[in-house]
Amino acid sequence: MPVVRVQAEDFDVGRELEALTRGRHEVGAVASFVGLVRDANHGSRVSGMTLEHYPGMTERALEEICAQAHARWQLAETLVIHRVGPLVPGDRIVLVVVAGAHRGEAFEACEFIMDFLKTRAPFWKKEDTPEGGRWVDARSTDDTAAERWKNPQKP
Amino acid sequence: MPVVRVQAEDFDVGRELEALTRGRHEVGAVASFVGLVRDANHGSRVSGMTLEHYPGMTERALEEICAQAHARWQLAETLVIHRVGPLVPGDRIVLVVVAGAHRGEAFEACEFIMDFLKTRAPFWKKEDTPEGGRWVDARSTDDTAAERWKNPQKP
Amino acid sequence: MVTLLYFAGLRESLGCSREQVSLPSATATVSSLVDHLRSRDGRWTEAFAPGKTWRVAVNQRMAELATPVKPGDEVAFFPPVTGG
Amino acid sequence: MVTLLYFAGLRESLGCSREQVSLPSATATVSSLVDHLRSRDGRWTEAFAPGKTWRVAVNQRMAELATPVKPGDEVAFFPPVTGG
């Protein structure tokens, strides 16, 4: 079952993993991803950033991405937590967790969710740099990463 | 820098991730894997298992696998914790964490470390089943998973 | 009437986050709606000029130029997303 | 003398976890050492019979039949690994 949360607050990775798999003894593999705010981007120091999103659509888009992962692989649980609002370097931005019986599927599904989150979920980052506020440009490598899942085989 | 621990005690995933990336503001991506004891295998209930290992070689093998990951990808940190001794269903067995600037590398390296841990690190599982103790057979799919990294391209 | 939403850099360039507009025709699409917006004033002309990159969602689902738009719909325009 | 270690199922079948043996010759390899062990007694003959699957490490590194073994080495035999 996909669980999706969009929130300003930080999250506790250990507690989230624990809650997702507690009592689920058919789960042998938990793959996760944590995205953090970096202190530099495109050669500029980044002292902080603000994450804007599209309330309503964000949750729907994330749920749909997780549902696609469940349709594509045999998974026990998926979890996505994404923060919004002001953040500073070192802050956690996003957590994606996929629990399943076997590791291959868990890894693939976790990467799949991240690739589509990066290209389909309505979030936008504005970085604080010495030159002022700057909207982050979408990266074509993210599009490429998402494209490869069109192939029904493992990319 | 690879960090490797082989221990009987459980570990706190959140605390380990936190410690690995604290103050490392060049890190934007943390991929991790947690392996758990399942309550069934090959059609038998599994009430518990004992993990045997080869002290000395285990640590060396894990360090070598992490070093190979660092040689192959641009990574900030790698961590492997593997438990030994008696475990019951739901218990954590292994934690692999890879921290880097970007997610593609972190995911690949995390999967690489797991694939080689499964085929090169001297651990052996003996399961407790209703039919008695039973050494787990190595899976040929794990060999296949490790083989694919011989290709210098992304598999 | 449809509700238009603008996000991120597009919201800032337009100085507008939300507005209600009448559809240009009974059988509108994203494409005809954008043509209509582009004709309104300098900021919209600029923001939706050919070559500008933007994304659109209709009723909170990613959409395309050909996606139909009908009265009561919520249409959101925004730059390519950069979360995660 | 070399130190031999046995792990997991192999340790159980042999009823032995550690022993010291003399090398069969001055220029030994894993292969000649295994031939020597196989000639010793029923359990060893059985455990290292052709078709049996086992792995070997010399001085805590994965090794092969052709890997040289010299006095003082630590040679470990075990089934394919199943950690993780």
Side-chain angles (χ1 to χ4, degrees), chain A residues 10-18 20-41 45-47 76 88-104 106-108 110-112 114-115 117-118 139 141-142 144-145 148 154-155, chain B residues 10-18 20-41 45-47 76 88-104 106-108 110-112 114-115 117-118 139 141-142 144-145 148 154-155:
Chain A
D10 193 13
F11 46 81
D12 180 320
V13 178
R15 197 171 306 167
E16 297 297 340
L17 264 66
E18 179 80 34
L20 204 68
T21 58
R22 189 175 299 137
R24 301 295 303 271
H25 293 169
E26 81 281 22
V27 170
V30 182
S32 19
F33 179 81
V34 178
L36 303 169
V37 180
R38 294 194 297 145
D39 62 4
N41 195 17
R45 302 294 298 172
V46 173
S47 57
V88 297
D91 277 355
R92 281 173 278 270
I93 304 172
V94 62
L95 171 66
V96 174
V97 186
V98 175
H102 303 293
R103 77 182 185 287
F107 271 120
E108 274 188 44
C110 190
E111 212 171 348
F112 171 93
M114 273 308 300
D115 285 348
L117 184 155
K118 283 264 181 188
R139 300 192 316 169
T141 52
D142 286 328
T144 314
R148 68 196 159 127
K154 178 164 169 48
Chain B
D10 192 14
F11 46 81
D12 179 320
V13 178
R15 196 171 305 166
E16 297 296 341
L17 263 66
E18 180 79 34
L20 204 68
T21 57
R22 189 175 296 138
R24 301 295 302 271
H25 293 168
E26 82 279 23
V27 170
V30 182
S32 18
F33 179 82
V34 179
L36 303 170
V37 180
R38 294 194 298 144
D39 61 5
N41 195 17
R45 302 295 298 170
V46 173
S47 57
V88 297
D91 277 354
R92 281 173 278 271
I93 304 171
V94 61
L95 171 67
V96 173
V97 186
V98 174
H102 303 294
R103 77 182 184 288
F107 271 120
E108 275 188 42
C110 190
E111 212 172 346
F112 171 93
M114 272 309 300
D115 285 348
L117 184 156
K118 282 265 182 189
R139 301 192 316 170
T141 51
D142 286 329
T144 313
R148 68 196 160 127
K154 178 164 168 47

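Lettering of chains follows the sequences in order, A, B, ..., and the numbering in each one begins at 1. Values below: all heavy atoms of this structure, side chains included; hydrogens, waters and symmetry mates excluded.
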- To the nearest 0.5 Å, atom CD of A/E108 lies from atom CG of A/D115 at 11.0 Å
- Task: Working to the nearest 0.5 Å, report the span between CG of A/L117 and CZ of A/F112.
- Result: 11.5 Å
- Item | Residue pair A/R92 / A/V13, side-chain heavy-atom distance below 4.5 Å | yes
- Item | Test item: B/H102 and A/T141 side chains (from C-beta on) under 4.5 Å apart, heavy atoms | no
- Who wins among A/P89, A/G90, A/G14 for the most heavy-atom pairs under 4.5 Å with chain B? A/P89
If I measure from the heavy atoms of chain A, does [X] come under 4.5 Å with its side chain, its backbone, both, or neither?
X	answer
B/A145	side chain
B/D91	neither
B/R15	neither

- Answer with side chain, backbone, both or neither: which region of A/A101 has an atom nearer than 4.5 Å to a non-hydrogen atom of chain B? both
- Residue selection (most heavy-atom pairs with chain A, distance under 4.5 Å) from B/R103, B/M114, B/E18: B/R103
Which atom pairs, one a donor and one an acceptor, fall under 3.5 Å between side chains of residues 21-38 of chain A and the rest of the protein, sequence neighbours left out?
{"residue": "A/T21", "atom": "OG1", "partner": "A/L17", "partner atom": "O", "Å": "3.0"}
{"residue": "A/R24", "atom": "NE", "partner": "A/E26", "partner atom": "OE2", "Å": "3.0"}
{"residue": "A/R24", "atom": "NH1", "partner": "A/E77", "partner atom": "OE2", "Å": "2.2"}
{"residue": "A/R24", "atom": "NH2", "partner": "A/E26", "partner atom": "OE2", "Å": "2.6"}

